Chemist: 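The structure follows.
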Amino acid sequence: MNVSQEILNWFHIFGRKNLPWQKNKTIYSVWISEIMLQQTQVKTVIPYFIKFLKKYPTINSISLSSENAVLHKWSGLGYYKRAKNIYKAAKIISSKYNGQFPDVFNHVIKLPGIGKTTAGAILSISYNYFFPILDSNVKRILIRLYGIKFNKYNKKIDNVLWKKIQSILPLHNAGKFNQALMDLGSLICYPKSPKCNICPINYACMFFQKNFFQKYSVRNKILQLKNYWCIIINYKQYIFLKKCKKYTFWKDLFCFPLFTKKNYLINWIKEEKIVPVKIKQLRSMTLYITRYKFIITPIFLIIKTNKDFKPEKDAIWFNLLNHQKVGIPSLVLKILDKYSHLISQTNYSV
DNA sequence: CAACCGTGGGG
DNA sequence: TCCCCAAGGTT
């Protein structure tokens, strides 16, 4: 028996077959799941996928919605460009493909947010079309299985791996095989300490048989960002949030106004003619986001009334109890949660 | 094409 | 505390 057949047999017994996107499967639901699963673990995606499909059961329901509303459903999941691309793609599908997700590879891959792997995954999983995928699971499996050596992972290695995976893709089971590879990667062939002893293809694997080892991750240095976060509470206990524009992080999501220097914050308050009843600087905190080290100093401003404070267009007064349908980064929600007692204790007469 | 984009969990 | 990693794509 060949390696591909062994993987399929293993999948038949041990593969995951009851994930939310594997039930009532349509090409639309497969698309959404594949986008959500980009660089994101299954466990994290599950609740987001369920909520998203409940809110958006069809492609047209997305294109009739707004980018803010789509980002709202994505809040906390990260890589928000994915949500923006889904919205863009839905518009294209509605106008160009009559609301039907295309089933031609060259059409699928032209949609924003869809590359070679995602296009292959969508079409193979939905219709069992003959397309391979090359995600991080498949890369890791192939490198170990065939003992592929390199100094630094590059485009050339990428091409070698695409050819390899194409060559072992079973003619009549591409969809199952692709899912099997991802399950094998996440259940057996871990990046660290893989469970080789129970791996169905260990007999052919260079990593297991010949003790081959190839490291291929790249390390990024940490960038430190110091910011003062301006948390403004109005007389209704609403929080002022502003759409991020010039910052690379959280573009088009809503966040507290933030400043690199305390003076900038003070000047901004004056320019906006904000008259705080109370100003309180809280203890700085350190948070890590990927390769960014955030050092945040929250500054609370309590204002008596928002009558004189007319924020620019892309800003909202955020109601903790009744969230507006906009995108909010996880960190902002965490900070709001952390200081919710302070906010609710904000008690004064107008 | 290397750098960029988030978040949560493991170690 | 800090690094590593996960169903990648875009610029």
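Letters A, B, ... are given to chains in the order of the sequence lines, protein chains preceding strands, and every chain is numbered from 1. No experiment lies behind these values; they were computed from the predicted model shown.
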Chemist: A:S33 side chain N/O closer than 4.0 Å to the phosphate oxygens (OP1, OP2) of C:dA7?
Modeler: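 Looking at the OP1 and OP2 atoms of C:dA7, neither is under 4.0 Å from any side-chain N or O of A:S33.
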
Chemist: Tell me which of A:D135 and A:N85 sits closer to the 5' end of DNA chain C, going by the nucleotide each one is nearest to.
Modeler: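 The answer here is A:D135.
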
Chemist: Nearest to the side chain of A:T290, which nucleotide is it out of C:dA7, B:dG6, C:dA6?
Modeler: B:dG6

Chemist: First locate atom SG of A:C230, then atom CG of A:L265, and finally report the distance between them rounded to the nearest 0.5 Å.
Modeler: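 Here the interatomic distance stands at 4.5 Å.
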
Chemist: Whole-Å distance between B:dA3 C1' and A:Y153 OH?
Modeler: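 After rounding, the reported distance stands at 17 Å.
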
Chemist: With a 3.5 Å cut-off and just heavy-atom distances, do the side chain of A:T40 and the base of B:dG6 make a donor-acceptor pair?
Modeler: yes

Chemist: If you check every side-chain atom of A:Q41, which of C:dG8, B:dG6, C:dC5 has the closest atom?
Modeler: C:dC5

Chemist: Which whole-number value in Å describes the distance from A:I165 CD1 to C:dA7 C1'?
Modeler: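 Those two atoms, CD1 and C1', are 14 Å apart.
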
Chemist: Give the nucleotide from the list B:dT7, B:dG8, C:dG9 with an atom nearest to the side chain of A:Y80.
Modeler: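 So the nucleotide nearest the side chain must be B:dT7.
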
Chemist: With a cut-off of less than 4.0 Å, is there a side-chain N or O of A:R140 near OP1 or OP2 of C:dA6?
Modeler: yes

Chemist: Out of B:dT7, B:dG8, C:dG8, which nucleotide sits closest to the side chain of A:W250?
Modeler: B:dT7

Chemist: What's the spacing between A:W229 CH2 and A:F256 CZ if we round to 0.5 Å?
Modeler: 7.0 Å

Chemist: Is the NZ or CZ atom of A:K116 both under 6.0 Å from the centre of the six-membered ring of A:W162 and within 45° of that ring's axis?
Modeler: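 Because its charged atom sits under 6.0 Å from the ring centre and within 45° of the axis, A:K116 does stack over A:W162.
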
Chemist: Nearest to the side chain of A:Y292 - C:dA7, B:dC4, C:dC4?
Modeler: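 Looking only at side-chain atoms, A:Y292 lies closest to B:dC4.
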
Chemist: Can we call the ring centroids of A:F249 and A:Y292 under 6.0 Å apart?
Modeler: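 Centroid separation for A:F249 and A:Y292: below 6.0 Å.
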
Chemist: Could you tell me how far B:dC1 sits from C:dT11 if I compare only their C1' atoms? Round to whole Å.
Modeler: 9 Å

Chemist: Among C:dA7, B:dG8, B:dG6, find the nucleotide with the atom closest to the side chain of A:R16.
Modeler: C:dA7

Chemist: Check the phosphate of C:dC3 against A:K293, side-chain N and O only, distance under 4.0 Å to OP1 or OP2. Yes or no?
Modeler: no

Chemist: In this structure, how many angstroms lie between the P atom of C:dG8 and the CD1 atom of A:I35, rounded?
Modeler: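 A:I35 atom CD1 is separated from C:dG8 atom P by 11 Å.
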
Chemist: Both conditions, 6.0 Å and 45 degrees, for the charged tip of A:K84 above the ring of A:Y87: are they met here?
Modeler: no

Chemist: State plainly whether the residues A:D314 and A:K242 are in salt-bridge range, i.e. N to O under 4.0 Å.
Modeler: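 No salt bridge links A:D314 with A:K242.
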
Chemist: Measure from the side chain of A:S330, starting at C-beta and using heavy atoms only, and say which of B:dC5, C:dG8, B:dG8 lies closest.
Modeler: B:dG8

Chemist: Out of B:dG6, C:dA7, C:dG9, which has the shortest distance to the side chain of A:I289?
Modeler: B:dG6

Chemist: NA contact type, A:I114, heavy-atom cut-off 4.0 Å: base, sugar-phosphate, or nothing?
Modeler: sugar-phosphate

Chemist: Can you check the A:F294 CZ to B:dG6 P distance for me, whole Å?
Modeler: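 Rounding to the nearest Å, CZ of A:F294 and P of B:dG6 are 10 Å apart.
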
Chemist: Quick one: A:L161 CG to C:dG8 P, roughly how many Å, whole number?
Modeler: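 Between P of C:dG8 and CG of A:L161: 14 Å.
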
Chemist: To the nearest angstrom, how far is A:I222 atom CD1 from C:dT1 atom C1'?
Modeler: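 Interatomic distance, CD1 of A:I222 to C1' of C:dT1: 9 Å.
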
Chemist: Using OP1 and OP2 only, check whether a side-chain N or O of A:S136 sits under 4.0 Å from C:dG8.
Modeler: yes

Chemist: Here's a test of your reading of the structure: between A:L331 and A:N154, which maps to the more 5' nucleotide of DNA chain B?
Modeler: A:N154

Chemist: Between atom NZ in A:K73 and atom P in B:dG6, what is the gap in whole Å?
Modeler: 19 Å

Chemist: Please classify the nucleic acid contact of A:G76 as base, sugar-phosphate, or nothing, using heavy-atom distances under 4.0 Å.
Modeler: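 Here A:G76 touches the backbone only, sparing every base.
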
Chemist: Once you round to the nearest 0.5 Å, how far does CZ of A:F300 lie from CD1 of A:I302?
Modeler: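 Atom-to-atom, A:F300:CZ and A:I302:CD1 are 8.0 Å apart.
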
Chemist: With rounding to the closest Å, how many angstrom separate the P atoms on C:dA7 and B:dC4?
Modeler: 24 Å

Chemist: Looking at B:dT7, C:dA7, B:dC4, which one has an atom nearest to any side-chain atom of A:R291?
Modeler: B:dC4

Chemist: How close or far is atom C1' of C:dT10 from atom NZ of A:K81, stated in whole angstroms?
Modeler: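 Going from NZ in A:K81 over to C1' in C:dT10 covers 5 Å.
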
Chemist: Counting side-chain heavy atoms from CB outward, which of C:dA7, B:dC5, C:dA6 is closest to A:Y79?
Modeler: B:dC5

